[in-house]
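Data first, discussion second: the structure below is written as structure tokens.
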Number of protein chains: 2
Amino acid sequence: MPLPPETESHQSTRLSRRRLFGYTAAGVGGALAGAGAVSAATALGGEPPADAVGRRTVAFHGAHQAGVTTPAQARAVFVGFGLRQGIDAAAVGRLMRLWTQDAAALTAGRAATADPAPALAERPAGLTVTFGFGPGLFTAIGRPEAVPAGFVPAPEFTIDRLDARWTGGDLLVQVCADDSLAVAHAVRVLVVGARPFASVRWQQSGFLPHAGVAPGATPRNLMGQVDGTANPAPENGLDEVVWSADGWLAGGTTMILRRIRMDLDTWDRVAPESQERAIGRRLSDGAPLSGGAERDTPDYAVRDHHGKLVIPADAHVRRASEQANGPGSGRILRRGYSYDDGVDATGQADCGLLFAAYQARFDSQFLPIQRRLAELDALNAWTTPIGSAVFAIPPGCQEGGWIGQGLLG
Amino acid sequence: MPLPPETESHQSTRLSRRRLFGYTAAGVGGALAGAGAVSAATALGGEPPADAVGRRTVAFHGAHQAGVTTPAQARAVFVGFGLRQGIDAAAVGRLMRLWTQDAAALTAGRAATADPAPALAERPAGLTVTFGFGPGLFTAIGRPEAVPAGFVPAPEFTIDRLDARWTGGDLLVQVCADDSLAVAHAVRVLVVGARPFASVRWQQSGFLPHAGVAPGATPRNLMGQVDGTANPAPENGLDEVVWSADGWLAGGTTMILRRIRMDLDTWDRVAPESQERAIGRRLSDGAPLSGGAERDTPDYAVRDHHGKLVIPADAHVRRASEQANGPGSGRILRRGYSYDDGVDATGQADCGLLFAAYQARFDSQFLPIQRRLAELDALNAWTTPIGSAVFAIPPGCQEGGWIGQGLLG
């Protein structure tokens, strides 16, 4: 399927602009400066002033669904659904038409079809809605042959302690925005719309830096690590890593969401130098232990004066890296979010990472990496994967079309 | 206790600046425009650009604790602690010295004493930390006579269905900031610091519009209502409503946190006109049903052409209002947050309002309002209070002092 070039360049432009400047700087340096000045004046008359973050929209229609290569917004909610008994391909098609219509409206800042609180749709704050199909959906619709090549159910790795509460699902709705209310409202509309077809199996909420907080910087996770440096950039194969060219999935991708709990109590007892060796990067700025700055290429061969590898054999970055493990050892786009759900029933902090990764082909890109990490990764001592779900993410649609049409239409 | 005027005016200035302009507009129109321009240039060299929201600080030291009349930040976590067996006044004093020191550092963007992840302290994003003492603390320290006048345990109202999981507590830590990571890190430091003294009983997380989203506007809650219009303003008695002049609590206040679950499924089935009558305000803009704009004074006497009250007898705003119920019927400062904890074990949406109210005297300001609402309030049909906790919020401290010194020192 040929990709309309204007959509592509549109999304790439957004990506690099935000990477470089962030919201605030973009507002200062760009077209929004005028709007800000006007608003400051009208504020004295009692009107609310500029609302640049709140009014921002991300295009819903296009060759790809938004929310994958879209620069990650500050908040995400992932919802996994189980299809109800007797829901067939035609019924799923009706749901996807409804969801597409509602997502197109909400992401544009308009109320959904049967919006219970239209005022809450007014500030989409960069809202994106991304839909996905779990392995069980292909069985339910009687189309096992339509399972994309390499889209296998995620295995339970030896390090996993999967909880059914966070695992599996026939449908995914991923909702991201730079405002919690925009996310909550979109989730409410889409969950209610799905009721005749599917019920919520799990719902997971995560965060990244809010707009205006460290714009342009790679975010830190709750362990304090700079996390995401090695992600593919548009100029470095992003499209090839992410977008499939396979049958009905062409222009789509595959996604895995792993809920990785962190044991911060034991992590915090580890000396910073040992933490850095477990990661392979400096805590202060994310630079590889082999030297240089954050985005410099790690030197996995360099040794210290004792002859020991500076980036240890079990360092997370070495085990995850394609560079260290050879061509074809796996490249993915990570778009994870921290989660912090307070304390569990035993009083322990219930927090960690909602690890979300996207790749054109699941088996040959994601699985090799995860197998290596399950086999050996120093970070495994302080992390436990407790949830896992995989989805095929259909391509985007143009106006008048709907998400999933290539499979279900 | 005389209040240092410079601290007061400092806080008032912040309040009105943010109310009028919000972050983005302040950045565009004010001193930050230059910083933004510089950052856009340095970004090309790989440095992160302007970080106005992330680097903002709110003064910790002062006559009052921050986090009460401080304009509400985007995120809040409230943590309720139970004192461990045998913790006496001297031990609580040690905890409060430690907490004060750590809160003063973190709110200034510096690492705490034994900070497990110093890099996470770099962007406080307007962080405030507010400490409170529950009724049980006075018993534990053997000082029942020190219970502030009118600081009675919150009764269980007829509408309440209190869950022990969200109720009570000997100590409160309220952490607010415009970034989720800043909040999570501060909570982690303070919870770990408290371990020898107290254990977490509950932890509740809430949100308001993020920085740059609808700055200057009264926020909406998950029901879609504009919520908080009638809060006292600095020019309209805010200080008298909030700050106590009573004994060791002088310069402090009292706080109640009620977890109010919303049944959005049934609320959404109600016609918008009926929703508006239950509230007493228009959904579109928050204006009173008696007419005018959001901040205009409601006319509780006006009737329609059928002779019916335009703001019904059971409308929430009428039942809550001091104006409608006569002088002395209660004034409070609300500083509530929405919460959305996904779905509960039964698949129902677990969301609502973390209602936080501050008042100089608990019995004569808060209780009359809550008694009226428990007796009659149309909104009770769609809301259920499931948690309740009250705290005396000590006054602030100057550098070298510590929070609670007037009681425990």
Side-chain angles (χ1 to χ4, degrees), chain A residues 20-25 27-29 32-33 36-37 39-40 43-44 48-54 74 116-117 119-120 123 125 178-181 184 188 192 199-200 203-205 207 209-217 220 222-224 264 268 283-284 293 295 338 340 342-343 347 349 351, chain B residues 20-25 27-29 32-33 36-37 39-40 43-44 46 48-54 74 116-117 119-120 123 125 178-181 184 188 191-192 199-200 203-205 207 209-217 220 222-224 264 268 283-284 338 340 342-343 347 349 351:
Chain A
L20 288 174
F21 303 111
Y23 295 112
T24 306
V28 171
L32 295 169
S39 299
L44 298 169
D51 200 0
V53 177
L120 300 186
R123 293 186 173 87
D178 279 319
D179 189 55
S180 297
L181 192 59
R188 171 179 172 192
V192 170
S199 61
V200 173
Q203 182 169 329
Q204 309 188 51
S205 177
F207 61 84
H210 291 213
V213 177
R220 288 181 186 273
L222 287 166
M223 284 177 154
L264 294 183
D268 289 350
L283 287 165
S284 60
R295 294 186 188 282
S338 292
D340 182 1
V343 287
C351 66
Chain B
L20 287 175
F21 302 111
Y23 296 113
T24 306
V28 171
L32 294 169
S39 300
L44 298 169
D51 200 2
V53 176
L120 300 186
R123 293 187 172 87
D178 279 320
D179 188 55
S180 296
L181 191 60
R188 171 178 171 193
V191 164
V192 170
S199 59
V200 173
Q203 181 169 328
Q204 308 187 52
S205 177
F207 62 84
H210 292 214
V213 178
R220 290 182 185 272
L222 287 167
M223 284 177 153
L264 293 183
D268 289 350
L283 287 164
S284 60
S338 292
D340 181 1
V343 287
C351 66

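Bear in mind that the values here come from a model prediction, so they are computed numbers and not experimental data. The analysis underlying the following values was restricted to heavy atoms, covering all of them including side chains, and did not include hydrogens, waters or symmetry mates. Convention: sequence-line order gives letters A, B, ...; per-chain numbering from 1.
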Evaluate the side-chain proximity of A/Pro209 to B/Asp179: yes if any heavy-atom separation is below 4.5 Å, no if none is. yes
Heavy-atom distance under 4.5 Å to chain B: side chain of A/Val343, backbone, both or neither? both
Going by heavy atoms in the side chains, are A/Asp51 and A/Arg123 under 4.5 Å from each other? yes
Contacting region of A/Ala349 [heavy-atom separation from chain B under 4.5 Å]: neither
Between A/Ser180 and chain B, with a heavy-atom cut-off of 4.5 Å, which part of the residue counts as in contact: side chain, backbone, both or neither? both
Ignoring hydrogens and angles, tell me if any N or O in the side chain of A/Arg188 forms a donor-acceptor pair with the backbone of B/Leu264 under 3.5 Å. no
Pairing residues for B/Arg220 by the side-chain hydrogen bond (donor to acceptor under 3.5 Å, both in side chains) criterion, not counting sequence neighbours: none
With sequence neighbours left out, what residues match B/Gln203 under side-chain hydrogen bond (donor to acceptor under 3.5 Å, both in side chains)? none
Chain A contacts, top residue of B/Val191, B/Leu222, B/Val200 (heavy-atom pairs, under 4.5 Å): B/Leu222
So for A/Asp340, is it side chain, backbone, both, or neither that comes closer than 4.5 Å to the heavy atoms of chain B? side chain
